[in-house]
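In what follows, every chain begins at residue 1, and chains take the letters A, B, ... in the order their sequences are listed.
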Amino acid sequence: MQALIAGGHIVLEGPPGLAKTLACRALATAVGGSFKRVQFTPDLLPSDIVGTRIFDQRSGEFATVLGPIFANVVLADEINRAPAKVQSALLEAMQERQVTIGPQTFPLPEPFVVTATMNPLDSEGTYALPLAQMDRFLVKVLVDYPRAEEEVRILDRFGGATPALPENVVSVSDVLAWRERAHAVYLEPRLARYAVDLVAATRAPHDYVERGASPRATLAIAALARARALLDGRDFALPDDVRASAPDALRHRLAFNYRLLTDRVDPERIVADIIASVPTP
Amino acid sequence: MAIFPPFVAPASAQQLIRLHVRQFTMTAEPSTLRVGETLRLKIVTRVDENLLELDDVTLPDLSGFESLGDERQCTTAYRGSQCVETMTLTPTIAGDRTIAGATLEAIDAASGRAVRYSSNGVVVHVIGAPMPNYFLQALFEGLLRPFATVAIVAAIAYAALWGWRRRPKTAPAVVPVATAPPPPAPPPPPQLLGLVEALAAAPTRANLLAVRAELRRRIGAREEETLSDLRARGATGGNADLDEALRAVEIAAFADESRVPSLIAAALGPLDRLAGRTAGASL
């Protein structure tokens with residue numbers, strides 16, 4: 001929800017079978033938006049994402065067929081299985097919020113959220129996203145196995161013959177209005193400086209971090225903090241909003257070195273330590 | 001390596017060296033020795049910068065030890081430098097001696113803030129008097145003692161004669177020496193009541209932040225802890241007024257300027273209860 005209100009895109013990383021696709025579909029249904037799922041495979045082409053022009057023999061003219069990216073919520077499943085040019089086509093559309101097919105340019109619908117999933121377990125036959133492209137995602141959310149009591153509730157809801165379906169509770173225009181209100185959430189200068197300090201801390205020499213986050217991370221933290229404040233019913237942000245938004249905005253923007261693997265260090269621990277080392281205002 | 005909160009004034013901080021400190025440790029070898037024997041106290045500082053020397057290390061209190069030498073050396077490597085200060089000491093009294101950590105004041109290159117780094121302390125076990133050297137003991141007993149006795153008596157006699165010849169003829173005049181007045185005692189730490197009264201009299205963000213800082217100090221908040229962190233570890237100890245005051249102050253501290261006065265007014269309720277201030281009391 002934070003990312004939706006902040007107007008950014010999401011990377012979901014987790015093992016299979018954790019309802020990542022269902023969550024995206026539920027989000028789209030809840031906000032009354034359209035949902036499209038694209039399964040990324042090695043033989044995918046950019047036109048399979050954005051659309052193409054097809055020659056219509058009856059009319060004798062080219063017709064544009066829009067691709068599945070023209071939806072409010074687009075699930076790019078296993079984005080790391082597609083080659084680089086397909087990833088680039090998607091990421092360019094995410095950045096520009098429009099797609100050019102032939103001589104025409106088509107704007108993408110608003111709100112437009114891409115949720116990309118990556119399976120951290122199967123690395124064979126995958127094309128790792130470069131850091132520069134990962135930087136375009138607002139947040140990276142880690143999806144882990146549910147706790148025992150949560151899994152019991154899952155069994156209760158989905159183990160029967162007719163699983164519960166998500167309901168439409170708000171409209172797309174509501175989401176757009178929330179975005180406007182989130183932009184107006186007050187971020188006190190000390191909190192802005194706190195966000196800058198958090199990102200600057202990732203750029204300090206570190207045994208396991210090769211390169212820190214870019215200023216895009218600062219913008220992401222500020223946007224997420226505003227969205228979090230709005231969700232909490234406030235029109236101003238607090239230090240907790242900034243601090244709570246930092247891990248999701250930073251974990252996919254740090255370049256770790258090989259020592260991380262050889263020393264078997266949890267990157268989440270590094271991100272948490274870096275964040276904890278920065279004094280709060 | 002312990003890091004204390006910044007303490008130096010901005011002017012002093014500009015004179016500090018800027019460093020990425022990776023290691024600041026102290027070792028003592030051996031850790032168990034006798035009075036009169038020597039130990040090497042080694043302070044190792046590893047930084048990311050290339051240093052030829054490091055003079056900013058403050059040595060700990062070494063009472064109970066006599067210094068026989070102090071050597072400093074910095075070596076540069078692929079990533080930074082390692083500076084080692086080796087002190088050769090000899091204990092003068094027996095017992096378990098705790099040498100507190102050395103300190104290093106520098107600007108943390110990551111945060112740009114003045115920081116006091118503190119190394120670990122070491123415990124040195126000093127066991128009684130040194131073992132007797134029987135050869136030297138026999139030499140002293142047989143040859144040196146009679147000679148030493150004669151020399152000591154002659155020295156005492158000479159000192160007495162010298163003192164008698166240089167005795168003062170008249171008593172010297174006593175010149176009063178103007179002594180500087182003792183420095184004023186440091187002011188007591190600001191009390192919450194005073195800060196709340198100041199806030200009530202002048203509801204400004206600056207006064208509010210002073211109250212917030214005092215509340216955080218009272219509950220031992222670390223500088224990296226947010227309000228959620230404090231609540232999660234029960235820092236308020238279940239004090240409902242304190243919890244409410246912290247929340248109200250936090251909200252007021254980060255709201256936009258136009259709302260600060262009204263939010264301060266709302267925060268004064270729990271603050272007054274917490275500080276034991278009667279509503280409407282004058283300064």
Quiz item: For B:E29, does the CD atom sit with more than 12 other heavy atoms under 6.0 Å from it, leaving out its own atoms?
Solution: no
Self-check item: B:I251, part contacting chain A, at a heavy-atom distance under 4.5 Å
Solution: both
Quiz item: Near A:R181 CZ, under 6.0 Å, is it more than 12 heavy atoms from other residues, nucleotides or ligands?
Solution: no
Quiz prompt | Flag if over 12 foreign heavy atoms under 6.0 Å of CZ, B:R233 | solution = yes
Practice problem: Report the C-alpha distance between B:R205 and A:E188 in whole Å, list the side-chain angles of each, state the deciding distance to 0.1 Å, and finish with yes or no for salt bridge (Lys or Arg N to Asp or Glu O under 4.0 Å). | Solution: CA-CA 12 Å; B:R205 195 191 292 271; A:E188 213 258 354; 3.7 Å; yes
Quiz prompt | Where B:E250 and A:L238 come nearest, the two heavy atoms and their spacing | solution = O-CD2, 3.5 Å
Self-check item: Region of B:A221 that comes under 4.5 Å of a non-hydrogen atom in chain A
Solution: neither
Quiz item: Counting heavy-atom pairs under 4.5 Å to chain B, which of A:V242, A:D197, A:L187, A:D235 comes out on top?
Solution: A:D235
Exercise. Examine whether an atom of A:R190 lies under 4.5 Å from a heavy atom of chain B, and if so say whether it belongs to the side chain, the backbone or both; otherwise answer neither.
Key: side chain
Quiz prompt | Whether over 12 other heavy atoms sit under 6.0 Å from B:Q73 CD | solution = no
Practice problem: Can you see which heavy atom on A:F236 is nearest to which on B:F254, and at what distance? | Solution: CB-O, 3.8 Å
Exercise. Please step through salt bridge (Lys or Arg N to Asp or Glu O under 4.0 Å) for the pair A:D207 and B:R22, ending with a clear verdict.
Key: CA-CA 10 Å; A:D207 290 338; B:R22 297 298 176 192; 5.1 Å; no
Practice problem: Assess whether atom CZ of B:R72 is packed by more than 12 heavy atoms of other residues, nucleotides or ligands within 6.0 Å. | Solution: yes
Quiz item: Do any of residues 270-281 of chain A have a heavy atom less than 4.5 Å from a heavy atom of chain B, and if so, which, in residue order?
Solution: A:A276, A:V278, A:P279, A:T280, A:P281
Quiz item: Picking from B:E257, B:R212, B:R222, which has the most non-hydrogen pairs under 4.5 angstrom with chain A?
Solution: B:R212
Quiz prompt | Which portion of B:S228 sits near chain A, non-hydrogen atoms under 4.5 angstrom | solution = both
Quiz item: So with a 6.0 Å cut-off around CZ of B:R40, is the heavy-atom count from everything else above 12?
Solution: no
Quiz prompt | Between CG on residue A:D240 and CG on residue B:L227, distance to nearest 0.5 Å | solution = 6.0 Å
Quiz item: Contact part of A:A244 toward chain B, heavy-atom cut-off under 4.5 Å: side chain, backbone, both or neither?
Solution: neither
